[in-house]
Amino acid sequence: MSGFEEVNYYFRKAARVMDLSANVERMLITPYREVKVDVSVTLDNGELGTFIGYRVQHDKSRGPMKGGLRYHPTVDLDEALGLASLMTWKTAVVNLPYGGAKGGIAVDPARLSPRELERVTRRFVEQIHDIIGPHTDIPAPDVNTNAQVMAWIMDEYSKFHGFSPAVVTGKPVDLFGSKGREEATGRGAVFALEEYLADAGAGEVRGKTFAVQGFGNVGSWACRFLHERGGKVVAVADSRGGVRNPEGLDVPALVEHARRARTVTGFPGSDPISNEALLVLDVDVLVPAALGGVLTRANARDVRARIVLEAANAPTTPEADELLAARGVAVLPDIWVNAGGVTVSYFEWAQNIQQFTWEEDKINAELRRHMREAYATLARVARERKVSFRTAAFVVAIGRVGRATVLRGV
Ligand code: NAD
């Protein structure tokens with residue numbers, strides 16, 4: 001299945017529980033707009049670099065569309081379609097006044113100089129500035145994009161439309177970004193886990209063991225919050241490989257090592273571990289926090305964790321999802337678990353529009369409230385309808401998007 005088909009598989013599973021008609025299903029699945037643009041720039045050596053950029057706007061019935069920008073060689077229209085539709089369901093699960101979008105550029109940013117990266121970003125904005133905007137579509141960071149990239153986006157967009165900090169979130173705090181945004185996805189994922197553990201009577205983070213795939217924004221912050229709470233992070237991996245220490249990795253020291261070495265590999269006091277081995281390690285909680293499609297039919301039977309905390313987007317293929325469910329593994333779904341990022345992005349946007357700033361305590365308290373309320377609703381639906389958390393999350397989201405669509409009038 002393609003990425004978009006995978007999301008629609010989960011959508012249809014929930015739609016069946018809700019008795020949605022085929023026409024309504026088709027209408028809710030169909031994206032509002034798909035855009036593919038040329039992002040050619042002059043490289044530092046004077047040659048022409050040609051790249052393709054994408055922005056898919058999936059649904060706008062509940063507000064401006066919202067979703068990240070990914071810079072990665074695998075970015076294509078299908079990936080953007082899948083991730084954009086996930087954003088529609090995610091913003092609805094946490095009840096934010098947004099629709100869903102996603103995009104990016106098919107490029108390996110590690111091969112670009114900082115100036116080239118800036119030119120590519122500005123060129124992309126030049127190509128899409130007329131379809132994004134504070135009340136239309138608001139990008140944010142995703143894989144291989146960060147606060148600096150968001151700052152360039154804000155600056156370039158403002159050249160066309162006047163000063164517009166609210167056109168993009170995840171900006172540097174010195175440039176109208178929000179306190180707590182950088183940490184928000186990792187923090188939200190840990191809040192999500194705490195909600196589930198409390199409800200399931202499964203204890204707390206303290207003393208539990210964790211394997212985390214991905215040590216970028218989401219994975220590294222999740223590790224820090226788990227470590228702070230007494231969780232034992234026993235293995236971590238990134239695109240170059242992984243490290244393991246059964247006694248628990250020293251997370252603050254690992255963060256420092258990864259900052260300097262640009263990889264977790266080679267961390268003193270640890271043994272190497274492959275990404276494949278990390279996914280099937282004997283731990284309490286597995287945290288995929290890198291790319292999608294890592295838990296598959298091939299490895300789902302071997303997963304030994306009892307809880308999968310989906311910090312990444314779409315880490316579990318539908319076949320793996322069924323296999324994990326059959327084995328009683330609690331899969332806490334991406335559209336709730338990693339919604340902390342878009343939730344604090346919403347706070348950032350609201351602050352920009354009001355030209356007012358919130359203190360970090362307020363941001364974190366509101367983030368917890370959103371994660372908690374979302375869990376209360378989806379856990380109730382899961383119990384009432386006897387469905388998985390993922391199907392319950394889709395039922396909640398489809399209900400909200402569907403009602404908004406119908407009320408606005410087709
Ligand atoms: P990032 O670029 O900061 O980090 C990505 C990490 O994944 C890096 O450590 C990288 O080395 C690792 N990685 C890449 N390819 C890998 C591979 N093949 N095997 C193992 N590791 C690999 O990106 P991020 O923002 O942390 O995003 C991670 C995931 O979380 C993505 O699925 C993204 O869509 C999702 N997400 C991010 C946010 C956010 O706020 N940044 C919000 C919601 C969801």
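Counting starts at 1 for both ligands and their atoms, in listed order. Keep in mind it's a predicted model, so treat the numbers as computed, not measured.
Applying the ring pair (Phe, Tyr, Trp, His ring centres under 6.0 Å) criterion to Phe347, with sequence neighbours excluded, gives Trp358, His370.
By the 4.5 Å heavy-atom criterion applied to side chains, Phe210 and Leu309 are not counted as neighbours.
Ring to ring, Tyr157 and His129 are not that close: their centroids are 6.0 angstrom or more apart.
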Dump the pairs for me: ligand 1 N or O, protein N or O, distance under 3.5 Å, to 0.1 Å.
residue	atom	partner	partner atom	Å
ligand 1	2 (O)	Asn144	N	2.8
ligand 1	3 (O)	Asn217	N	2.9
ligand 1	9 (O)	Phe215	N	2.9
ligand 1	9 (O)	Gly216	N	3.2
ligand 1	11 (O)	Ser239	N	3.0
ligand 1	11 (O)	Ser239	OG	3.3
ligand 1	21 (N)	Ser239	N	3.3
ligand 1	26 (O)	Asn217	N	3.2
ligand 1	26 (O)	Val218	N	2.9
ligand 1	32 (O)	Ala290	O	2.6
ligand 1	32 (O)	Asn313	N	3.1
ligand 1	34 (O)	Arg70	NH2	2.8
ligand 1	34 (O)	Asp142	OD1	2.7
ligand 1	34 (O)	Asp142	OD2	3.4
ligand 1	34 (O)	Asn313	ND2	2.8
ligand 1	40 (O)	Arg181	NH1	3.4
ligand 1	40 (O)	Arg181	NH2	3.2
ligand 1	40 (O)	Thr185	OG1	2.7

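Using modelled atom types, no side-chain atom of Asp59 and backbone atom of Ser85 make a donor-acceptor pair closer than 3.5 Å.
Between the side chains of Gln351 and Ser178, at least one donor N or O lies within less than 3.5 Å of an accepting N or O.
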Item to check | Stepwise side-chain hydrogen bond (donor to acceptor under 3.5 Å, both in side chains) check, Asp238 with Thr263 | outcome: CA-CA 7 Å; Asp238 61 25; Thr263 173; 3.1 Å; yes
